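Proteins come first, then strands; the chains are lettered A, B, ... in the order of their sequence lines, and each starts at number 1. From a predicted model like this one, the values you see are computed outputs, not experimental measurements.
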Amino acid sequence: MLDLKYIKTNLELVQNGMGKRRANIDFSSLLNNDDKRKALLLEIEALRHKRNVVSDDIAKIKKSGQDAGSLIEQMKEVSETIKRLDKERSTIEERIHGFLISVPNIPHEDVPMGKDDTENRLERTFGTPKKFDFTVKPHWEIGEDLGILDFVRAAKLTGARFPLYFGKGARLERALINFMLDTHTSQHGYTETLPPFIVNSATMTGTGQLPKFEEDLFKLEGSDYYLIPTSEVPMTNIYANEIIDESMLPCKFTAYTPCFRSEAGSYGRDTKGLIRQHQFNKVELVKLTTPETSFIELESLLANAEKILQLLELPYQVVTLCTGDLGFSATKTYDIEVWMPGQDDQGKYREISSCSNCLDFQARRAGIRFRRKGQKKPEYVHTLNGSGLAVGRTFAAILENYQQADGSVMIPDVLIPYMGGLKVIDHDA
RNA sequence: GGAGAAAUGGCCGAGUGGCUGAAGGCGCUCGCCUGCUAAGCGAGUAUGGGUGUUGUUACCCAUCUAGAGUUCGAAUCUCUAUUUCUCCGCCA
């Protein structure tokens, strides 16, 4: 959420930012309501002050044994007025809050203008796609042929877009999770967490999934609970409504969790394979930082995520999302796209991580603040998050990049210890 | 699921209708003192909003888990929710 004061003093800048996102937002009603709110507040506070003073007088009068009847009558009226005005005020405040909470973050000036993902800016590539001397297969064919993936039975158990792993496939998924977590904790300094997979609406609001994107979430019927679409949600909210010590920053968390997304509106896209599932595994990175370090921390977070692909020797490219592709809470986002030789005949780069700086946008919603040493006023932290990485898609990328002519799949060197020494998944697996 | 108890500031803890934004203690910060350490003394130590002055200070309003209510007046009374604890039942 943007700061109302900031909006008021930088209206043009804010409107400009919204324009870049192609979000047409009229701020005039907001400013109007804020003026009303302020006028009401002034009136209410004056009346409350009067009531406080007179109530004290009443106490004194009563103590001395005199009659305070007329004053009490007067205050009855004052209290009625306060009640009435206060109701008006809370209606207006709800309106203001409801408005503010639906306004997206302002894109950083470094973010390229563009309408959709075709206009993202390529930053760099790593590795070169391997040349195959046989016809490459998409990962779902490889996985089903090897008997390590079974989408048909998964659909029987639940429905479309759910995964079922078998044998060495299940083992590979687990190996990836452990490898990613180990790397981030022991080499990149993140603290491992294991958060709830279900959170309440306040938590979802804190990171920006609510109120605007409820249709993307799975909600538990008859409750205020939602399945997390990413562990960014519980991890970023760990210190919600708290003031933490400056010495705790930067605060770096990582977690493996399954992620649940309704994928509303994506019918017909990526209907096959592990790319777009209602349930998938992800290792996530979250940072809380001071405002002045957040962009440096974004670069290192991105580097931490890239490191996984480098160690797995999977080719990838990094893009900066353009304004039209930028998420609601982010001011700047890098996507890491891994090379998938089995996609679209000649291969394709597919998103495997999204690393964002949200500035104080989430922190303001969730109330995450810190206090500098020797300073009285607490400040909002900056929040960052990134996938490190999406495990299912990494699994898919390994299948496609490490496939061999006979249909078997080599295990990347760094994963062999995690696979109990197994070097290849073949038909005997 | 049934029965009961509880929720106060960074922490502990007092407070059952009227200068209580909240005693006392601990912790922390600053200063003084003590020729080490310790102890002692003094001061300070929540958050949000607003007004004025303008960047020093002042003043006002709100907040004792949250929301609603009773009252001239609520930390204190009532209701609801949430969380925690105890007992019973059930359960990985």
**Message:** Under 4.0 Å between a side-chain nitrogen and a carboxylate oxygen: does that hold for R48(A) and D86(A)?
**Reply:** yes

**From G48(B), G50(B), C72(B), nucleotide with atom closest to R51(A) side chain** = C72(B)

**Message:** Strictly by Watson-Crick or wobble contacts shorter than 3.5 Å, is anything paired with A6(B), and which nucleotide is it?
**Reply:** U83(B)

**Pairing nucleotide - C33(B), Watson-Crick or G-U, each distance under 3.5 Å** = none

**Prompt:** Considering only C72(B), G49(B), U47(B), which nucleotide approaches the side chain of E45(A) most closely?
**Reply:** G49(B)

**Complete:** note: D224(A), atom CG; U83(B), atom C1'; distance rounded to Å ~ 15 Å

**Message:** Please report the distance, rounded to the nearest Å, between CD1 in I92(A) and C1' in G49(B).
**Reply:** 16 Å

**Asked** Taking the same atom, C1', in U54(B) and in G69(B), what whole-Å distance lies between them?
**Response** 43 Å

**Asked** Is any NZ, NE, NH1 or NH2 atom of the basic residue among E284(A) and K282(A) found under 4.0 Å from an Asp or Glu carboxylate oxygen of the other?
**Response** yes

**Message:** Looking at K332(A) and D110(A), is there a salt bridge between them, counting it only when a charged N and a carboxylate O are closer than 4.0 Å?
**Reply:** yes

**Request:** Return the nucleotide paired to G1(B): Watson-Crick means purine N1 to pyrimidine N3 with N6-O4 or O6-N4, wobble means G-U with N1-O2 and O6-N3, both under 3.5 Å.
**Result:** C88(B)

**Request:** Using heavy atoms to find the nearest nucleotide of RNA chain B for I58(A) and P378(A) separately, return the residue whose nucleotide is more 5′.
**Result:** P378(A)

**Message:** Taking only the P atom of each, what is the distance from A22(B) to G27(B) in whole angstrom?
**Reply:** 23 Å

**Message:** Please classify the nucleic acid contact of D57(A) as base, sugar-phosphate, or nothing, using heavy-atom distances under 4.0 Å.
**Reply:** nothing

**Prompt:** Relative to the ring of F162(A), is the ring of H278(A) parallel (under 30°), tilted (30 to 60°) or perpendicular (over 60°)?
**Reply:** tilted

**Complete:** note: K83(A), atom NZ; A74(B), atom P; distance rounded to Å ~ 10 Å

**Item:** Residue met sooner reading RNA chain B from 5', once R369(A) and A46(A) are mapped to nucleotides
**Value:** R369(A)

**Message:** Could you tell me the Watson-Crick or G-U partner of U57(B), where both distances fall under 3.5 Å? Say none if there is no partner.
**Reply:** none

**Asked** Can you tell me the Watson-Crick or wobble partner of U63(B), both distances under 3.5 angstrom?
**Response** A46(B)

**Request:** Nearest whole angstrom, please: distance from the C1' of G50(B) to the CZ of R37(A).
**Result:** 9 Å

**Complete:** Note: M1(A) and R364(A) closest approach over all heavy atoms is O-NH1, 3.2 Å

**Asked** What integer number of Å spans the C1' atoms of U86(B) and U29(B)?
**Response** 41 Å

**Rounded interatomic separation in angstrom, taking OH from Y380(A) and P from U47(B)** = 13 Å

**Request:** Report the distance from atom CG of L85(A) to atom P of C61(B), rounded to the nearest whole Å.
**Result:** 16 Å

**Request:** Could you check how far NZ of K36(A) sits from P of G49(B), rounded to whole Å?
**Result:** 22 Å

